[in-house]
Amino acid sequence: MSAQPLQLFDTYERRVRPFESIQPGRVGLYTCGPTVYNYAHIGNLRTYLFEDCLRRVLQANGYDVQHVMNITDVGHLTSDADSGDDKMELGAKRMGMNAWDLATFYTEAFQKDLSSLNILPPSIWCKATDHIPEQIAFVADLEAKGFTYLTADGVYFDSQKLSDYGHLARLDIEGLRQGARVDPGARRFVTDFALWKFSSPEDQRQMEWDSPWGRGFPGWHIECSAMSAKYLGDLFDIHCGGEDHIPIHHTNEIAQTEASRGTRLANFWLHGYFLQLDQAKMSKSTGEFLRLETLAEHRISPLVYRYFCMTAHYRTQMAFSWESLKASQTALNRLYQAAYDWGTPGAPLPEVIAAFEAQVNDDLNFPRALAVVWELVKSKASDGDKKATLLRLDDWLGLDIGQWAPAELVVPEAVQVLVAARQQARTDRDFSAADALRGEIEALGFSVEDTREGPKIAALSS
RNA sequence: GGCUGGGUGGCAGAGUGGUCAUGCAGCGGUCUGCAACACCGUUUACGCCGGUUCGAUUCCGACCCCAGCCUCCA
């Protein structure tokens, strides 16, 4: 059925290879979710859009996708040196809320963003704070197997006990040692990391739990290993996240799971690359912090951003500019208008669908797939068949093409009178009067275009 | 500094050892009273220097530049 079998780039092996699920017909997919201490910016959202494209492609290939996304609502420190403040506690102070309410607030904001981008919700949402016992059990297992050591401030993972630690990122351990500029703190080795942190005696935490080692909270990485094992098993099909997770977060998840379960956690590791703003990644601490709401202030809809992201391959860094975003807005509007004008759907064109599918099955080449869409738009096929085909392709694109309609326009009586007067002037071939009337119409905020069906009125933008 | 990845036309962004990406913008044309829309056509490219090759943007090496990670980050 598929034009071309699905193949994906696996960061672990650093190559594109054919995708086969571990169990026939089923795919276990784990995507690293947000730390809910602030809003998501559009750079964050690019990664979730990539994961949604993956999800849709898997489903189109006939897989039943069990999709798990975590919500990190505790334990993510402001420094990976395992020091610094907990982001949640810090965010709570900033907002004047307690940490639990803060988590709920930003979780809901995040889910709203995903929904407005037509990102399919995961089968399972899981919060770190709902899985403390699972995380403690995981750490206890690592301890029993001799992969941990205890310090004054927590339980640490002994990364030197694993011979291939850092393989995912091709880490140069010696180079890291030399380049390390951070205070190693209580860690014995640069690449060791916290599994469980003790609460500081002088600082009362809002989020803390008892454990066999003392009162405290889980390290950041352990939640993903513990929760993915619970919902998807010790080895599942695909694990995704942003490119920044390759060297630390995912490297450490693999280390924990290898030590405890003897697997590499996921069969495929896929990573979304950054959106660049002014030659740097979009950051929460420097530069502009652009949200979907910011785009809305510029009258750019979330689906325009979705289209924009699909014009670049997920595995390349993409430059953001308002100019290129506007280009996507123009293109998408033309696509919507064309599909709308095509009228009633006819029969889908199998060769176009096959050509499209061949592209998306080739490591999610959505830019190339969009080229197929535009070839369809310009093709000689009948309008009805084009429409039916495009609606089918929207299963992958997620652009709500079938639901689009021109904006309902409320035209004031005064404008309608002027338009009618202008039509009369044109009929009388009094063009200077007609142009004057057009000026009056524009002064009231409307444009008028002459078409075969008569004058077409639209609201002037800005 | 180390490691990983990347440098394509005005912008964004695919791809390939020798023929087209695609979108937006620009230009020319058709249409229009004039416009706009739409449609048709179309210009400009592969960081730099060597090497391999009949031929390299595509393969190899050096260099320059950019990004990611080593400090929170999708």
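Naming: A, B, ... by sequence-line order, numbering from 1 per chain. The structure displayed is predicted, hence computed values, not measured ones. Because only heavy atoms are used, hydrogens play no part in the values below, and waters and symmetry mates are left out as well, while side chains stay in.
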Just checking A/Arg170: base, sugar-phosphate only, or nothing, at a heavy-atom cut-off of under 4.0 Å?
sugar-phosphate

Using a heavy-atom cut-off of under 4.0 Å over every strand shown, decide if A/Arg334 touches base, sugar-phosphate, or nothing.
sugar-phosphate

Which part of the nucleic acid does A/Gly241 contact within heavy-atom distance under 4.0 Å: base, sugar-phosphate only, or nothing?
sugar-phosphate

Is any side-chain N of the basic residue among A/Glu13 and A/Arg17 closer than 4.0 Å to the acidic one's carboxylate O?
yes

Using a heavy-atom cut-off of 4.0 Å across all strands, would you classify A/Arg422 as base, sugar-phosphate, or nothing?
base

So what does A/Ser447 hit on the nucleic acid, given a heavy-atom distance under 4.0 Å: a base, only sugar-phosphate, or nothing?
nothing

N/O (side chain, A/Arg14) to phosphate O (OP1/OP2, B/G5) under 4.0 Å:
yes

Just wondering, are more than 12 heavy atoms of other shown residues or ligands nearer than 6.0 Å to CZ in A/Phe431?
yes

Determine which nucleotide pairs with B/A56, using a 3.5 Å limit on both distances of a Watson-Crick or G-U wobble pair.
none

Using purine N1 to pyrimidine N3 plus N6-O4 or O6-N4 for Watson-Crick, or N1-O2 and O6-N3 for G-U wobble, both under 3.5 Å, which nucleotide pairs with B/G1?
B/C70

By the 4.0 Å heavy-atom rule, please label A/Asp435 as base, sugar-phosphate, or nothing.
base

Scan A/Thr47 against the nucleic acid and name what it touches under 4.0 Å (heavy atoms): base, sugar-phosphate only, or nothing.
base

What is the distance from atom CG of A/Asp435 to atom CZ of A/Arg422, rounded to the nearest 0.5 Å?
7.0 Å

For A/His271, which contact category applies under a 4.0 Å heavy-atom criterion: base, sugar-phosphate, or nothing?
nothing

Presence of donor-acceptor pair under 3.5 Å, side chain of A/Arg368 and base of B/A14
yes

